[in-house]
Amino acid sequence: MQVRLLIGIFSIFTCLLLFVLMRNYIGAINIYELPEISPYELAKPSDLQHAHSPDWLDRLSSQSEREFIYPTSELQVKLLYANNAKKSIKEVFRVSVGVINDYQFFCINQVFGAHNIEYSYYKIGENIWLVVATEDENYLRSVLDKLKHYAIDYTLSKT
């Protein structure tokens with residue numbers, strides 16, 4: 001008899017608890033309102049002129065050290081095969097650029113690509129050597145002089 005009484009009391013207590021929880025939950029749902037959000041408006045050109053420049057832009061323009069910033073770490077390498085070099089009338093030159101960082105290698109790739117100069121490279125220790133095929137040595141020297149702008153020193157030798 002005591003077990004039945006305890007089960008009955010526990011059942012009534014559980015039902016009352018569920019009733020109170022459901023009532024409070026339904027009341028909370030009815031009270032809740034969605035916040036009003038204004039539509040997004042694009043900035044007008046007149047507003048952009050008065051906007052403060054970002055902090056990183058100020059820091060970048062005030063730097064005295066020469067740090068390189070470039071858009072990608074992806075490189076394209078064109079290989080110059082011995083068969084192709086022998087078939088053409090181009091002369092093959094070796095250019096030693098020494099130890100360079102990723103940005104300087106990126107610059108070499110961009111400068112040579114802009115001047116349509118075919119090259120391949122290899123590395124001995126930390127030094128990088130370029131193998132360049134061109135018809136005009138003076139033109140190659142003028143292109144290599146543009147690398148000095150990127151703090152790249154070179155030595156040119158004919159193979």
Side-chain angles (χ1 to χ4, degrees), residues 1-85 94-134 140 143-155:
M1 176 97 173
Q2 289 178 345
V3 174
R4 287 185 185 175
L5 182 63
L6 287 176
I7 291 175
I9 292 173
F10 181 73
S11 298
I12 292 172
F13 179 71
T14 305
C15 289
L16 285 174
L17 182 64
L18 285 175
F19 175 75
V20 169
L21 289 176
M22 296 276 281
R23 185 171 175 235
N24 289 340
Y25 178 73
I26 291 171
I29 289 176
N30 290 336
I31 294 173
Y32 181 74
E33 293 180 12
L34 290 175
E36 291 185 25
I37 300 173
S38 61
Y40 183 75
E41 294 181 18
L42 295 174
K44 297 175 184 154
S46 60
D47 295 341
L48 295 176
Q49 293 173 353
H50 302 293
H52 179 65
S53 63
D55 185 41
W56 66 268
L57 189 59
D58 293 334
R59 284 186 285 136
L60 184 63
S61 62
S62 65
Q63 281 184 348
S64 60
E65 239 181 74
R66 190 172 172 177
E67 288 190 26
F68 298 107
I69 298 173
Y70 50 98
T72 182
S73 61
E74 191 173 307
L75 298 176
Q76 293 182 354
V77 178
K78 295 179 185 176
L79 297 178
L80 177 65
Y81 295 104
N83 301 354
N84 295 341
R94 285 187 345 161
V95 180
S96 171
V97 291
V99 179
I100 58 175
N101 61 28
D102 291 341
Y103 175 74
Q104 290 171 322
F105 190 80
F106 175 79
C107 293
I108 290 171
N109 190 33
Q110 293 299 313
V111 169
F112 281 10
H115 293 90
N116 295 324
I117 295 179
E118 297 176 357
Y119 78 99
S120 60
Y121 75 96
Y122 60 94
K123 193 173 184 180
I124 298 177
E126 292 295 315
N127 295 321
I128 295 194
W129 290 80
L130 307 172
V131 178
V132 182
T134 185
L140 176 61
V143 171
L144 288 172
D145 285 338
K146 295 178 190 216
L147 297 177
K148 291 182 181 178
H149 177 70
Y150 304 104
I152 301 172
D153 295 322
Y154 68 91
T155 56

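Side-chain atoms are counted along with the backbone in the values below, which use heavy atoms only and exclude waters and symmetry mates.
With sequence neighbours excluded, the residues that form a side chain to side chain contact (heavy atoms under 4.5 Å, CB included) with Glu126 are Val99, Lys123. Thr155 meets the side chain to side chain contact (heavy atoms under 4.5 Å, CB included) test with Ser96; sequence neighbours excluded. In this structure Thr14 satisfies the side chain to side chain contact (heavy atoms under 4.5 Å, CB included) test together with Phe10, Leu18, sequence neighbours excluded. Checked against side chain to side chain contact (heavy atoms under 4.5 Å, CB included), Leu16 has the following partners two or more places apart in sequence or in another chain: Ile12. Under the rule for a side chain to side chain donor-acceptor pair (under 3.5 Å), the partners of Asp145 that lie at least two apart in sequence or sit in another chain are Tyr154. In this structure Tyr25 satisfies the side chain to side chain donor-acceptor pair (under 3.5 Å) test with no other residue, sequence neighbours excluded.
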* **Full working for side-chain contact (heavy atoms from CB on, under 4.5 Å) between Asn101 and Phe106** => CA-CA 9 Å; Asn101 61 28; Phe106 175 79; over 6 Å; no

* Between Val111 and Tyr150, does a side-chain contact (heavy atoms from CB on, under 4.5 Å) hold up when you go through it step by step? -> CA-CA 10 Å; Val111 169; Tyr150 304 104; 3.9 Å; yes

* **Chi angles and distances behind the side-chain contact (heavy atoms from CB on, under 4.5 Å) call for Leu17, Val20** => CA-CA 5 Å; Leu17 182 64; Val20 169; 5.5 Å; no

* To do: Mind running side-chain contact (heavy atoms from CB on, under 4.5 Å) on Tyr121 and Val97 for me, showing each step along the way?
  => CA-CA 10 Å; Tyr121 75 96; Val97 291; over 6 Å; no

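Tyr122 and Trp129 have parallel rings, their planes meeting at less than 30° on a 0 to 90° scale where 60° marks the start of perpendicular.
For the atom pair CG (Leu5) and CD (Gln2), the distance works out to 8.0 Å, reported to the nearest 0.5 Å. Here the straight-line distance linking atom OG1 of Thr134 with atom CG of Leu140 works out to 5.5 Å at 0.5 Å rounding. Here the CG atom belonging to Leu130 is positioned 10.0 Å from the CG atom belonging to Asn109, to the nearest 0.5 angstrom. We find the CD1-OH distance between Ile108 and Tyr103 to be 11.5 Å, quoted to the nearest 0.5 Å.
Proximity of Val3 to Leu6: side-chain heavy atoms (C-beta onward) are nowhere separated by under 4.5 Å. The shortest side-chain heavy-atom distance between Val95 and Tyr119 does not fall under the 4.5 Å cut-off.
The nearest pair of heavy atoms linking Ile152 to Gln104 is CD1-O, 3.5 Å.
Residue Asn127 qualifies as enclosed at atom CG: its count of foreign heavy atoms under 6.0 Å is above 12.
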